Structures are given as structure tokens and as C-alpha cells.
Novice: 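Please read through the structure below; I'll follow up with questions.
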Amino acid sequence: KLVLGLKCGGSDGFSGLTANPVIGALSDRIVACGGASLLTEVPEMFGAEQQLMDRCENETVFRDNVRLIQSFKDGFAAAGQPVYENPSPGNKAGGITTLEEKSLGCTQKSGSAPVRGVLGYAQRLHGQGLHLVAAPGNDLVASTALALAGAQIVLYQLGGNELPPEDAPLSAVDPGLVAPLLTISGNPRTAKAAGDYLDVSTGGVLLGTETLDAA
């Protein structure tokens with residue numbers, strides 16, 4: 001009955017090597033046991049969307065996935081905004097060079113499980129397995145989308161050059177549901193600076209003192 005929400009903060013060059021793969025491994029375990037996992041931040045799938053499309057369990061899910069990605073790209077274009085504006089200045093300062101690099105790290109949070117469905121914004125999950133959720137990268141909007149979809153907890157990857165502000169969305173709420181945020185970082189320097197803001201450090205994977213499975 002457990003439903004995980006998967007969310008990135010300010011990713012850096014280590015996010016796709018440590019924290020996100022650990023989150024993906026946990027997601028795979030929960031899905032394998034009959035639970036569910038929800039991946040969102042559609043614009044941060046741009047450049048790596050083919051990996052998700054290749055994992056769709058049937059043609060219907062594949063077509064829903066294509067529509068999800070294209071609808072966000074069309075929305076950017078209709079508003080006169082660049083589709084490939086990412087990576088952000090903070091991402092670049094942390095070592096990410098291209099949107100594809102950022103997106104490949106982001107999608108690792110979903111592990112390797114098949115994509116079983118696509119949910120619209122505020123659409124409730126009915127079933128198990130990995131699902132994609134329509135929402136942008138904005139922390140408040142995406143965290144709320146995950147809670148509305150049914151996530152009981154949101155795994156929030158905290159990258160370099162970022163600490164959550166004191167008014168950060170540590171919970172996303174709909175009537176009768178709260179999804180607490182669990183912060184995870186794979187950057188040892190960020191983990192040290194974050195202090196009590198950070199719940200879990202997977203920096204040992206980067207330093208070679210801990211295996212991904214152990215993390």
C-alpha cells in the first residue's frame with residue numbers, strides 16, 4: 001500500500017551518480033513488493049524521455065507518455081518560452097553541463113521498473129507500479145501533485161549549491177492527506193552544510209565507503 005513520490009531539488013554533478021540511483025533502487029524494491037512509485041517534473045524528463053518511453057508496458061501507456069511530454073513542450077512554445085532552458089545556473093555551478101545530463105539523472109529516480117501508467121495533475125492513483133505524473137519542476141506544484149496522486153511520502157533529492165529555505169514545502173497537502181518530505185543528498189559537502197535539513201546522506205557511495213545497495 002506504500003506510494004512513494006519522487007522529486008529532485010537543485011541537482012548537481014553527483015545527483016545522477018549517487019542519490020538518484022539510490023532512490024531508483026528503493027523505488028524498484030517497493031514496486032517489486034507490490035507498492036507504487038510516482039515520478040514527476042515533466043520538463044526535467046526532456047532529453048531522456050526515450051528511456052521512459054522504452055519502459056512503457058504497453059502501447060496505450062506509451063501513447064499517454066508521448067502526449068504528456070509533448071503537452072509540456074507545446075505549453076512552453078505557446079507561452080513563448082524556450083523548451084530547453086535548463087540546466088539552471090545552480091545546476092551548472094554544480095557540474096551539470098546539458099539538459100540531457102540533468103534529465104538522465106532525474107529519470108534515474110524511477111529505477112528500472114516498467115511504466116504502468118500516466119496521471120494528469122491532481123488525478124488519483126488506482127493501482128500499483130511506477131506511474132508518471134503531470135507536473136512541472138516547481139517544488140510546491142510538483143510536491144502537491146504527488147500528494148494529490150496518493151504519495152504518502154516524497155523522496156526529495158537535495159543537490160549541491162542548495163539548502164531548502166525555512167519555508168520550504170516540507171509537506172504537500174490536499175484535504176485529508178499530508179505527504180512529508182524526506183531529503184536525501186549524494187553530495188558529502190552538501191550533506192555537511194545541510195545539517196538538520198538533511199534526513200539521509202548517500203555520499204558514502206561517492207566516497208567508496210558504502211555500496212549503493214547498502215545506501
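Keep in mind it's a predicted model, so treat the numbers as computed, not measured.
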Novice: Who else is in the cluster with L207 when I, L, V, M, F, W and Y are joined by side-chain contacts under 4.5 Å?
Specialist: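 Members other than L207 - counting any ILVMFWY side chain reachable under 4.5 Å - there are none.
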Novice: Flag the pair L182 / V154 as yes when at least one side-chain heavy-atom distance between them is below 4.5 Å, and no otherwise.
Specialist: no
Novice: Between I69 and F46, is there a side-chain heavy-atom distance shorter than 4.5 Å?
Specialist: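 Result yes, sub-4.5 Å side-chain heavy-atom pair found.
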Novice: Just how far is it from atom OG1 of T144 to atom CG of D139, taken to the nearest 0.5 Å?
Specialist: 10.0 Å
Novice: Scan side-chain atoms only and decide if S71 and D74 contain a donor-acceptor pair under the 3.5 Å cut-off.
Specialist: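 Checked: S71/D74 side chains show no N/O donor-acceptor pair below 3.5 Å.
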Novice: With a 4.5 Å cut-off on side-chain heavy atoms, are K109 and L155 touching?
Specialist: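 No - every pair of side-chain heavy atoms lies 4.5 Å or more apart.
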Novice: Donor-acceptor check, side chain of N20 to backbone of G105, threshold 3.5 angstrom: yes or no?
Specialist: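 It does hold such a pair.
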Novice: Out of N65, D64, L132, V118, which one pairs with C56 under the side chain to side chain contact (heavy atoms under 4.5 Å, CB included) rule?
Specialist: N65
Novice: May I ask you to test the P136-V42 pair for a side-chain heavy-atom distance under 4.5 Å?
Specialist: no
Novice: Of all the heavy-atom pairs spanning L212 and P21, show the shortest one and how long it is.
Specialist: CD1-CB, 3.5 Å
Novice: In Å, rounded to the nearest 0.5 Å, how long is the span from CG of L206 to CZ of F14?
Specialist: 5.0 Å
Novice: Over all heavy atoms of both residues, which pair between V61 and G117 is shortest? Give the atoms and the distance, please.
Specialist: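 Closest heavy-atom pair between V61 and G117: CG1-N, 3.9 Å.
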Novice: Scan residues 192-205 for pairs that pass salt bridge (Lys or Arg N to Asp or Glu O under 4.0 Å), counting only residues two or more places apart or in two chains.
Specialist: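 Every candidate salt bridge (Lys or Arg N to Asp or Glu O under 4.0 Å) pair involving residues 192-205 fails, so no pair, neighbours aside, qualifies.
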Novice: Side chains of H131 and V115, heavy atoms from C-beta outward: is any pair under 4.5 Å?
Specialist: no
Novice: Looking only at non-hydrogen atoms, find the nearest pair between A142 and A135 and report the distance.
Specialist: CA-CB, 4.0 Å
Novice: What distance do I153 atom CD1 and L6 atom CG have between them, rounded to the nearest 0.5 Å?
Specialist: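 Going from CD1 on I153 over to CG on L6, the span is 11.0 Å.
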Novice: Could I get the full list of side chain to side chain donor-acceptor pair (under 3.5 Å) partners for E41, not counting sequence neighbours?
Specialist: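 With neighbours one apart ignored, the set is K7.
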Novice: Check the hydrophobic clustering (I, L, V, M, F, W, Y; side-chain heavy atoms under 4.5 Å; chains of links allowed) and say if M45 and F62 are grouped together.
Specialist: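 Yes.
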Novice: Filter on salt bridge (Lys or Arg N to Asp or Glu O under 4.0 Å), then keep only pairs touching residues 200-209, sequence neighbours left out; what's left?
Specialist: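 Listed by first then second residue: nothing to list.
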Novice: Could you pull out all residues at least two apart from E100 that satisfy side chain to side chain contact (heavy atoms under 4.5 Å, CB included)?
Specialist: T98
Novice: Between the main-chain N or O of V141 and the side-chain N or O of Y121, is there a donor-acceptor pair closer than 3.5 Å?
Specialist: yes
Novice: Kindly compute the distance separating OG (S143) from OH (Y156), expressed to the nearest 0.5 Å.
Specialist: 7.5 Å
Novice: Please confirm whether the backbone N or O of L158 pairs with a side-chain atom of S185, one donor and one acceptor, at under 3.5 Å?
Specialist: yes
Novice: Can you find a heavy atom in the side chain of L104 that is under 4.5 Å from one in the side chain of Q51?
Specialist: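 Heavy-atom side-chain distance check passes, below 4.5 Å.
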Novice: Check whether any side-chain heavy atom of I184 sits under 4.5 Å from a side-chain heavy atom of T202, and report yes or no.
Specialist: yes
Novice: On a heavy-atom basis, which atom in P43 and which in F76 lie closest, and how many Å separate them?
Specialist: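 Minimum heavy-atom contact is CG-CE1, 3.9 Å.
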Novice: In the structure I gave you, are the side-chain heavy atoms of E49 and K73 within less than 4.5 Å of one another anywhere?
Specialist: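 Yes - at least one pair of side-chain heavy atoms lies under 4.5 Å apart.
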Novice: Out of K102, E44, Q157, which residue meets the side chain to side chain donor-acceptor pair (under 3.5 Å) rule with S11?
Specialist: Q157
Novice: Please report the shortest heavy-atom distance between T18 and G186, naming the atom on each side.
Specialist: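 So the minimum-distance heavy-atom pair works out to OG1-CA, 3.1 Å.
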Novice: Run L2 and Q152 through side chain to side chain contact (heavy atoms under 4.5 Å, CB included) and show every step you take.
Specialist: CA-CA 7 Å; L2 182 60; Q152 297 123 348; 3.4 Å; yes
Novice: Check for me, please, whether L198 and V22 land in the same ILVMFWY cluster - side-chain distances under 4.5 Å, paths through other members count.
Specialist: no
Novice: How close do A215 and V205 get, counting heavy atoms only, and between which atoms?
Specialist: CB-CG2, 3.8 Å
Novice: Tell me if a side-chain donor or acceptor on S110 pairs with a main-chain N or O of T107 at a distance below 3.5 Å.
Specialist: yes
Novice: Show me the donor-acceptor pairs, under 3.5 Å and distance only, between side chains in residues 23-40 and residues at least two apart or in other chains.
Specialist:
residue: S27; atom: OG; partner: S37; partner atom: OG; Å: 2.8
residue: D28; atom: OD1; partner: S112; partner atom: N; Å: 3.0
residue: D28; atom: OD1; partner: A113; partner atom: N; Å: 3.2
residue: D28; atom: OD2; partner: S112; partner atom: N; Å: 3.0
residue: D28; atom: OD2; partner: S112; partner atom: OG; Å: 3.0
residue: T40; atom: OG1; partner: V133; partner atom: O; Å: 2.9

Novice: Give a yes or no on whether M53 and V83 share a hydrophobic cluster (residues Ile, Leu, Val, Met, Phe, Trp, Tyr; joining criterion: side-chain heavy atoms under 4.5 Å apart).
Specialist: yes
